[in-house]
Undergrad: 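Structure below; questions to follow.
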Amino acid sequence: MPVERRPLERVRGTQDHQTRQATSMDAMRTKCETAFGLHGFRRVDVPVLEPAELHLRKSGLEIISKLYSFHDLGGRRICLRPELTASVVRAAIAQPSPRLPDKMFATGPVFRYERPSRGRFRQFMQTGVEVLGAEGVLADAEIIALAATTLDTIGITKYTVTIGNVGILGELLTHLGLTGRRRALLLESLEDARRHGIEAVRTRFASLDPDLIQPDESTQIRDGAVTAELSSTSQDALARLVAQTSAGDLGRRTLEDVTTRLAARMHADTARAAVDRALAFIDELGAVRGDPDTALDAARALLEAHGLDPKPLDQLSETITLLDAFGVRRERVQIDLGLSRGLQYYTGMVFEVDHEALGAEKQLCGGGRYDDLYRVLGGRQSVTAIGFAFGLERLVLAKEAETIDGTRDNVPDAVFVVPSTPGDAVIAARAATALRHIGVTAALDTSGRAARGAVAFASREGFAYLAMVSRDDPPETLRLRLLTPDGVPADDTISVPDGPIPITSSLEWLRANPASSSESTGLHRSTNRAETGTEARS
RNA sequence: GUGGCCGUAGCUCAAUGGCAGAGCACUGGAUUGUGGCUCCAGCGGUUGGGGGUUCAAAUCCCCUCGGUCACCCCA
C-alpha cells in the first residue's frame, strides 16, 4: 500500500514557536502581566470561542470582514475571537454585581483573516487591559501611561504614543442629526480622508449612499422654491407652497401625495447638507496632528469655527499633563485627531503606540475609551470603560530590534546525562532522576549515538555540565564535568570535581557552583539546533 | 484586499535552457586527556505542488500553496 508521505503544512498565517521563540513570548507575556498587576489589575481568562454576535454587534466592518466564524454541530454561530475586549466585557456583565472600578487583564490568542506578513499573523497573541468604571482624564492618562511604562519595563524605548479622540467628530454628527449607518460610515471615513483625500471619501460615500451626495436632477428643479422654506417643514406650509407653485399641474396625484414626497426630498436635502458639512469637518480634523501644543492650538481654532464645545480639547490637554505625572515624557506624545481606529465601539479618547523599527506592521498597541459597549453587550447600566491591547509577537520583534547582537539570555543550569554504553541505561536513568529531584535540569541523551559523539554534542549545544555515567563507576557516583564554549578547561582554571564522586556531594557542588553565574557558560549558543531556522529568517 | 520579489539537502545559499552543488548540520573514522579545532569518508533532493513549452526545465509560461516587502488595515 502506498502511503501519502507529503509533509503537512501549517495553516496559513499561523506559526510554530520553537523553544527560543516560545520562551520569548512567555517572558514577554509575564513582563506585561506583571506590570498590569502592579497597577492593580486582576487576571481574567476568557474563551477563544464566542458567539459570533458578540463581535458583530459593535466591532466595525473591518473586523467583521476578517472574522473566523462558523456553525458548530449544534447549529450555533460561533467565531474565534478577533480581540479580547468584547469577551472581557461580556464576562464582566455576566458577573453578579460590578464593583467599580473593575480593572482586568487578559492574555491569549486572537484570530483575524488577514494577509500574513512579518509581524502580522492570522493567529496572534494579545495581552490587554480593560477598566470598567473609568471616568474622566485620570483614567485616560493612567491607561496610556500603563501602556508606555510597560514598554519601559520591557526595555523597549523607540516608541511613540499617538492620541486622538473620536468623540469630537461624534459630537458634531450628533449635532447634525446624523445617526445609524451614515454616522458609522462617517466615523469610519475619518482616517480615509487624510490618506486619500476628502474627494476619495466623497466618492466612496456616494457609491454607498447615492441619495446623499449625488445631486438628483428631479429634486433640483424644485430646490429653488423649497429651500426658502426649509426652516418650517410642516405639511401645511408645504401644501401651501405646492399649491402656489404648481397650480393645477398635479396630474393624477393628490395634493397630500405630492407634499409627502416633497417632504422626503427635503429630508434628503437636509441630510445631504449635514453630510457635506460633516465631510468638510472631517477633512479639517484629519489635518490636526503633530506635537501636543501645535495640534491643540489648531484644534481649538477648528472647533471654534464650527461652534463646537472645546471641552474634549481641554481634557486632552489635561491628559497630557497627567501623562507627565505618570512618567510619560511629552516628547513621546503626538496628537492626531484623524486617528479613528477600526473598532467602532470607541467613543472618545483613542490611542496607539508605534515602534519605529517595525516597518509596515509597526503598531505595538492600540486602545481607547468605549463608554457604550457595556450596554451594547447587554449590561443593565451605563459603565464608562477604557482599555488597550498589545500584540505580543510585535513586542518580541520590537525588543529584538533593539537588542544588540550578541546579548546573551540568562539560562538555567543544565546537565547533559550520557550513558557510556547502551547497557548503562538504568544507571543513567537514576542519575537524571536524582538531578531533577533537586531541581537541576537534566537532559538525557537518548539518541543512541556513540558516547564520544554525545560529548561533542553537549559541548556544542552549550550545556553547562556533562555527566557521563557508567556501571563501572562506584555506586552512587557521578562524573560531572563543567563544559565551556571555548574548549577543555585546564584543571587549574576551574575547580571541577573531575572523576567519580558521591552523588550527594556533586549535587551540593552544583548548588554551590551555578553555571549561570559564570559568564562563559550556559545554553545560549546561537547554533542551538532548534533555532537555526528562525534565526536565519529574522 | 492591491502590487513587487522569493521558494533548490535538516539550515544558509550556488548552479548561460544542457550531469543539481558548496558550507554548516547529521553518521562513521583519524587525532585529542571519552570535548568543540583539524583531517578523511559517508548519509542526505519528487528543485514547494500541479500543468504546459522544449530534444532537454531549478531556470521559460500558466495555475496553486507558502514566505517576504511596499500599500491597505491592524496588535
Side-chain angles (χ1 to χ4, degrees), chain A residues 4-15 18 28 32 59-63 65-66 82-85 107-128 147 188 191-192 195-196 339-343 352-355 358-367 388-398 416 418-421 447-463 465-470 479 481-491 498-499 525-538:
Chain A
E4 182 59 79
R5 295 285 188 197
R6 193 169 44 83
L8 290 167
E9 286 174 340
R10 263 179 290 134
V11 171
R12 182 167 163 82
T14 62
Q15 328 174 72
Q18 294 295 346
M28 197 59 81
C32 291
S59 286
L61 288 174
E62 192 62 34
I63 286 277
S65 68
K66 291 172 177 171
E83 52 110 19
L84 298 169
T85 300
T107 305
V110 298
F111 305 82
R112 293 179 197 174
Y113 192 84
E114 295 191 271
R115 182 162 165 175
S117 58
R118 193 169 96 100
R120 176 207 257 181
F121 309 95
R122 288 184 173 176
Q123 174 180 339
F124 62 98
M125 289 289 285
Q126 279 195 338
T127 185
E188 261 184 20
E191 200 138 333
D192 277 358
R195 293 184 196 239
H196 308 294
L339 191 67
S340 73
R341 313 213 22 81
L343 296 166
E352 294 181 351
V353 180
D354 294 333
H355 192 269
L358 259 47
E361 257 52 69
K362 63 180 181 178
Q363 192 180 323
L364 298 176
C365 166
F388 71 79
F390 283 119
L392 277 183
E393 286 87 351
R394 289 188 185 174
L395 292 185
V396 171
L397 281 173
F416 196 61
V418 181
S420 290
T421 70
S447 70
R449 54 153 75 80
R452 55 179 296 155
V455 173
F457 175 84
S459 172
R460 249 185 286 111
E461 292 299 297
F463 280 91
Y465 300 99
L466 176 76
M468 181 72 76
V469 296
S470 166
R479 291 172 185 267
R481 186 178 291 238
L482 180 66
L483 299 171
T484 70
D486 304 320
V488 185
D491 285 345
D498 190 11
R525 292 288 214 83
S526 60
T527 50
N528 195 317
R529 183 167 40 171
E531 298 304 316
T532 41
T534 45
E535 293 238 322
R537 212 167 294 227
S538 58

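The sequence lines fix the lettering, A, B, ..., with proteins before strands; numbering per chain opens at 1.
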Undergrad: List the atom of A:Leu392, the atom of A:Cys32, and the distance in Å for their closest heavy-atom pair.
TA: CD2-SG, 4.3 Å

Undergrad: By the 4.0 Å heavy-atom rule, please label A:Glu352 as base, sugar-phosphate, or nothing.
TA: nothing

Undergrad: What's the gap between B:A41 and B:C60 when it is taken at their C1' atoms, as a whole Å value?
TA: 40 Å

Undergrad: How long is the span from the CZ atom in A:Arg394 to the CG atom in A:Leu358, to the nearest 0.5 Å?
TA: 7.5 Å

Undergrad: Measuring only the C1' atom in each nucleotide, how far is B:U47 from B:G33? A whole number of Å is fine.
TA: 46 Å

Undergrad: Can you tell me the distance, in whole Å, between the CZ atom of A:Arg122 and the C1' atom of B:C73?
TA: 14 Å

Undergrad: Which residues pass the salt bridge (Lys or Arg N to Asp or Glu O under 4.0 Å) test with A:Glu393, sequence neighbours left out?
TA: none

Undergrad: Please report the distance, rounded to the nearest Å, between CG in A:Leu466 and P in B:G35.
TA: 11 Å

Undergrad: Between B:G7 and B:G50, how far apart are the two C1' atoms, rounded to whole Å?
TA: 15 Å

Undergrad: Mind checking if A:Gly367 touches a base, just sugar-phosphate, or nothing, with heavy atoms under 4.0 Å?
TA: nothing

Undergrad: With a 4.0 Å cut-off on heavy atoms, is A:Glu114 in touch with a base, just the backbone sugar-phosphate, or nothing at all?
TA: base

Undergrad: For nucleotides 3-6 of chain B, print each protein N/O atom paired with a nucleotide N/O atom at under 3.5 Å, atom names and distance only.
TA:
from, atom 1, to, atom 2, distance (Å)
B:G3, O6, A:Arg115, NH2, 2.8

Undergrad: Round to a whole Å and report the spacing from CG of A:Leu339 to C1' of B:C73.
TA: 13 Å

Undergrad: Scan A:Gln123, A:Glu83, A:Lys66 and name whichever one has a side chain to side chain contact (heavy atoms under 4.5 Å, CB included) with A:Phe111.
TA: A:Gln123

Undergrad: Expressed as a whole number of Å, how far does the P atom of B:C37 sit from that of B:G28?
TA: 16 Å

Undergrad: Got a second to check how far A:Arg122's CZ is from A:Arg10's CZ, nearest 0.5 Å?
TA: 12.5 Å

Undergrad: Determine which bases of RNA chain B form Watson-Crick or G-U wobble pairs with both distances under 3.5 Å, and write the result as a 5' to 3' dot-bracket string with | for other-strand partners.
TA: (((((((..((((....[..)))).(((((.......))))).....(((((..]....))))))))))))....

Undergrad: In terms of the nearest nucleotide of RNA chain B, which residue is placed more toward the 5' end: A:Leu364 or A:Ser420?
TA: A:Ser420

Undergrad: Please give, in whole Å, the distance from B:C73 C1' to A:Arg112 CZ?
TA: 10 Å

Undergrad: Measure from CE on A:Met125 to P on B:C74 and round the result to the nearest Å.
TA: 22 Å

Undergrad: Over how many whole Å does the gap from A:Gln15 atom CD to B:G67 atom P extend?
TA: 10 Å

Undergrad: Atom CZ in A:Arg118, atom CG in A:Leu397: separation rounded to 0.5 Å?
TA: 5.5 Å

Undergrad: List in chain and number order the residues that pass side chain to side chain contact (heavy atoms under 4.5 Å, CB included) with A:Ala389, two or more places apart in sequence or in another chain; answer none if no residue qualifies.
TA: A:Gln126

Undergrad: Using a heavy-atom cut-off of 4.0 Å across all strands, would you classify A:Gly128 as base, sugar-phosphate, or nothing?
TA: nothing

Undergrad: Tell me whether A:Arg112 contacts the main-chain N or O of A:Pro82 through its side chain, where contact means a donor paired with an acceptor under 3.5 Å.
TA: yes

Undergrad: Below the 4.0 Å mark, does B:C73 have OP1 or OP2 next to a side-chain nitrogen or oxygen of A:Arg120?
TA: no

Undergrad: Can you say whether a donor on the side chain of A:Arg394 sits under 3.5 Å from an acceptor on the base of B:C74, or the other way round?
TA: yes

Undergrad: Given B:C65, is OP1 or OP2 found less than 4.0 Å from the side-chain N or O atoms of A:Arg12?
TA: no

Undergrad: Specify the separation, in whole Å, of atom CG of A:Leu397 and atom C1' of B:U68.
TA: 13 Å

Undergrad: Once salt bridge (Lys or Arg N to Asp or Glu O under 4.0 Å) is applied, do any residues pair with A:Arg120, and if so which ones, sequence neighbours excluded?
TA: A:Glu114, A:Glu361

Undergrad: Using the C1' atom as the reference point in each nucleotide, state the distance between B:C63 and B:U27 in Å, no decimals.
TA: 41 Å

Undergrad: Sequence neighbours excluded, which residues qualify as ring pair (Phe, Tyr, Trp, His ring centres under 6.0 Å) partners of A:Phe390?
TA: A:Phe388

Undergrad: Considering only the P atoms, how many Å lie between B:U12 and B:U68, rounded to the nearest integer?
TA: 13 Å

Undergrad: Starting at the 5' end of RNA chain B and moving along, which residue's nearest nucleotide shows up first, A:Thr14 or A:Asp354?
TA: A:Thr14

Undergrad: What distance, rounded to whole Å, do you find between the two C1' atoms, one in B:A15 and one in B:U8?
TA: 10 Å

Undergrad: I'd like to know whether A:Phe121 forms a side-chain contact (heavy atoms from CB on, under 4.5 Å) with A:Thr14, so could you lay out the CA-CA distance, the side-chain angles of the two residues, the decisive distance to 0.1 Å, and finally the verdict.
TA: CA-CA 6 Å; A:Phe121 309 95; A:Thr14 62; over 6 Å; no

Undergrad: Atom CD of A:Glu393 to atom P of B:G67: distance rounded to whole Å?
TA: 14 Å

Undergrad: Go through the steps to decide whether A:Arg115 and A:Arg12 satisfy the test side-chain contact (heavy atoms from CB on, under 4.5 Å), and finish with yes or no.
TA: CA-CA 9 Å; A:Arg115 182 162 165 175; A:Arg12 182 167 163 82; 4.0 Å; yes

Undergrad: Determine the Euclidean distance between corresponding P atoms of B:C6 and B:G48; express it in Å to zero decimal places.
TA: 13 Å

Undergrad: B:A75, OP1 or OP2 - any side-chain N/O from A:Gln363 closer than 4.0 Å?
TA: yes

Undergrad: Regarding A:Ala360, tell me which of base, sugar-phosphate or nothing describes its non-hydrogen contacts under 4.0 Å with the strands shown.
TA: base

Undergrad: Can A:Phe124 be said to stack with the base of B:A75, given centres closer than 5.5 angstrom and planes under 30 degrees apart?
TA: yes

